[in-house]
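What follows is a single structure, written as structure tokens, with notes after it.
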Amino acid sequence: MPDDQGRVRWGVISTARIGVEKGVIAAGDEADHGVVTAISSRDAGKAAEAAAKLDLDKSYGSYQELLDDPDIDAVYNPLPNSMHAEWTIKAAQAGKHVLCEKPLAVDAAEARTMVDACDENGVLLMEAFMYRFGNRNLRAREIVKDGGLGQARLVRAGFSFPLPRDPANVRLQKDLFGGALCDIGSYTISLARYLFDAEPMAVDARLDFDREFEVDVGGLITLDFPGHRRAALDFSFAMSRRQRFEVVGTAATMNVEECFLPVSDVRTVDVERREGTAGDPGPEQRVSEPFPPLNTYTAEFEAMSKAILTGAPLPWGGEDAVNQMRVMDAVRESHATGRRVGLEPLQEAN
């Protein structure tokens with residue numbers, strides 16, 4: 001049941017840096033229809049310290065203790081990738097709705113078991129791609145859908161930053177299913193599916209593996225979508241910091257910078273149009289539409305909290321996450337075989 005103000009009561013599984021130090025928990029607590037009340041860790045001292053830092057009511061020395069609390073309605077799961085399935089399923093069995101960090105699972109088969117567990121227990125499950133709730137990204141998706149670029153033919157997206165070679169970083173730990181594809185690469189795949197509002201038919205990919213850590217640290221992916229549409233995606237832990245996408249249509253091109261993570265200042269969606277020919281390109285028309293800063297983590301928590309309270313379907317639920325993992329599985333297969341991998345048509349993103 002919600003609290004006395006009608007808000008969903010959230011608990012956090014783990015004191016992971018993304019929640020405690022990167023502001024995700026604090027952002028979730030700003031949602032109008034949700035409130036973060038508790039945090040858990042396998043170390044009771046760490047949980048108590050995090051609760052004090054974040055001004056939370058409760059802390060627990062185990063994840064299961066939090067799940068057993070009847071005053072928790074939903075949980076945010078930012079555990080290492082290899083632990084997502086176990087604790088999402090346990091949360092579902094405890095009757096808790098789950099917002100799980102990306103990637104949802106280690107593969108599509110595991111994702112399916114998680115979705116089925118949530119369905120069987122009557123709880124909602126969403127993969128935490130917060131960028132999808134950004135005002136600029138929603139507008140960009142609308143422009144593509146409404147034909148503002150003519151027929152959208154190509155999505156180019158890049159996400160990279162130089163990652164220090166720290167063996168303690170979960171992104172570089174093979175046993176925890178780390179690697180760039182699971183981290184920033186998954187954003188670029190999700191974005192292409194989001195902008196085209198479709199599932200790819202085929203994948204061609206190459207990954208760059210680090211010999212010391214035995215995880216991928218970057219890659220290049222091409223996705224083929226129905227209607228002669230393609231996506232060219234790159235990501236890396238060993239290139240300069242950048243996060244952007246471009247959509248090229250038959251009539252115009254759209255650019256969005258700093259597209260994945262929350263921004264703290266006004267940013268724009270830029271559309272450039274030239275209606276001339278190769279020999280006579282004509283004058284360029286450029287429209288820059290400004291948007292105020294928005295904490296997309298807060299928007300994500302708010303969207304899920306409202307769905308829990310109203311019973312409305314999530315904009316992107318469990319089936320979307322399974323389809324996302326299917327593409328990531330195909331990326332790994334394409335790299336391993338050196339071949340283009342076809343994807344059988346399945347349920348579209350919901």
Side-chain angles (χ1 to χ4, degrees), residues 1-2 6-13 19 24-25 27-36 72-78 84-85 87-105 108 110-135 137-142 145 186-187 189-199 260 262 294-328 346-350:
M1 296 293 291
R7 299 175 299 180
V8 172
R9 299 164 298 182
W10 286 86
V12 181
I13 303 176
V24 179
I25 296 172
D29 206 35
E30 293 296 317
D32 292 336
H33 293 86
V35 57
V36 182
I72 299 296
D73 306 308
V75 296
Y76 169 55
N77 180 355
H84 284 176
W87 288 100
T88 292
I89 292 171
K90 287 181 177 179
Q93 292 169 342
K96 315 299 184 187
H97 305 280
V98 185
L99 175 63
C100 183
E101 269 303 332
K102 49 74 194 152
L104 186 75
E110 187 176 80
R112 171 54 61 195
T113 65
M114 297 164 72
V115 172
D116 289 348
C118 290
D119 288 345
E120 289 165 6
N121 288 279
V123 298
L124 297 180
L125 172 63
M126 185 167 72
E127 190 173 19
F129 281 117
M130 76 295 180
Y131 81 87
R132 295 185 290 200
F133 299 92
N135 45 15
N137 292 332
L138 287 166
R139 175 59 178 148
R141 191 170 188 254
E142 181 182 59
K145 182 179 180 180
S186 66
Y187 278 101
I189 294 170
S190 175
L191 177 77
R193 298 173 54 245
Y194 171 86
L195 290 171
F196 281 143
D197 195 20
E199 299 300 329
F260 293 116
L294 172 72
N295 192 323
T296 49
Y297 290 118
T298 299
E300 175 181 65
F301 271 88
E302 176 66 3
M304 188 157 184
S305 295
K306 289 178 71 175
I308 291 169
L309 291 172
T310 65
L314 288 165
W316 300 279
E319 293 301 327
D320 175 85
V322 173
N323 288 344
Q324 169 79 4
M325 291 309 308
R326 288 179 62 242
V327 181
M328 292 178 66
L346 282 182
Q347 183 170 352
E348 293 284 325
N350 57 354

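None of the values given here were measured: they were computed from a predicted structure.
Contact check for Ile189 versus Lys102: no side-chain heavy atoms found under the 4.5 Å cut-off.
In this structure, the ring-ring contact (aromatic ring centres under 6.0 Å, His included) partners of Tyr194, at least two apart in sequence or on a different chain, are Tyr131, Trp316.
In terms of modelled atom types and a separation under 3.5 Å, the side chain of Asn121 and the main chain of Gly95 share no donor-acceptor contact. Remark: the backbone N or O of His84 is not paired with any side-chain donor or acceptor of Glu110 at under 3.5 angstrom. Between the side chain of Thr88 and the backbone N or O of Ala85 there is no donor-acceptor pair closer than 3.5 Å. A donor-acceptor distance shorter than 3.5 angstrom exists from the side chain of Lys96 to the backbone of Ile72, with no hydrogens or angles considered. A side-chain donor-acceptor contact under 3.5 Å links Asp29 to the backbone of Val36. A donor-acceptor pair under 3.5 Å is absent between the side-chain atoms of Arg7 and the main chain of Ala31, judged by distance alone.
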Inset, instruction - Begin from the C-alpha positions of Asn323 and Arg193 and carry the test side chain to side chain contact (heavy atoms under 4.5 Å, CB included) through to its verdict. - result: CA-CA 10 Å; Asn323 288 344; Arg193 298 173 54 245; 3.6 Å; yes
Inset, instruction - Verify side chain to side chain contact (heavy atoms under 4.5 Å, CB included) between Val8 and Met304, making sure each step is shown before the conclusion. - result: CA-CA 9 Å; Val8 172; Met304 188 157 184; over 6 Å; no
Inset, instruction - Give the intermediate values and the outcome of side chain to side chain contact (heavy atoms under 4.5 Å, CB included) for residues Phe301 and Val24. - result: CA-CA 9 Å; Phe301 271 88; Val24 179; 3.9 Å; yes
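Electrostatic pairing of Glu142 and Arg139 counts as a salt bridge here, judged by a charged N lying under 4.0 Å from a carboxylate O.
Note: Glu319 CD to Arg112 CZ = 4.0 Å, rounded to the nearest 0.5 Å. Here the OG-CG distance, from Ser190 to Leu195, works out to 9.0 Å after rounding to the nearest 0.5 Å. Separating the CG atom in Asn137 from the CZ atom in Phe129 is a distance of 12.5 Å, to the nearest 0.5 Å. Rounding to the nearest 0.5 Å gives a distance of 7.5 Å between CD1 of Ile308 and CG of Leu314. Met114 contributes atom CE, which lies 3.5 Å from atom CG of Leu104 (distance to the nearest 0.5 angstrom). Once rounded to the nearest 0.5 Å, the distance linking SG of Cys100 with CE of Met126 reads 11.0 Å.
Pairs of residues two or more places apart, or lying in two chains, that qualify as side-chain hydrogen bond (donor to acceptor under 3.5 Å, both in side chains) and include a residue from residues 300-313 are Trp10-Ser305, His33-Glu302.
Among Val98, Leu99, Ile13, the single residue meeting the side chain to side chain contact (heavy atoms under 4.5 Å, CB included) criterion with Tyr76 is Leu99.
Taking each heavy atom of Pro103 and Met328 in turn, the nearest pair found is CB-CE, 4.2 Å.
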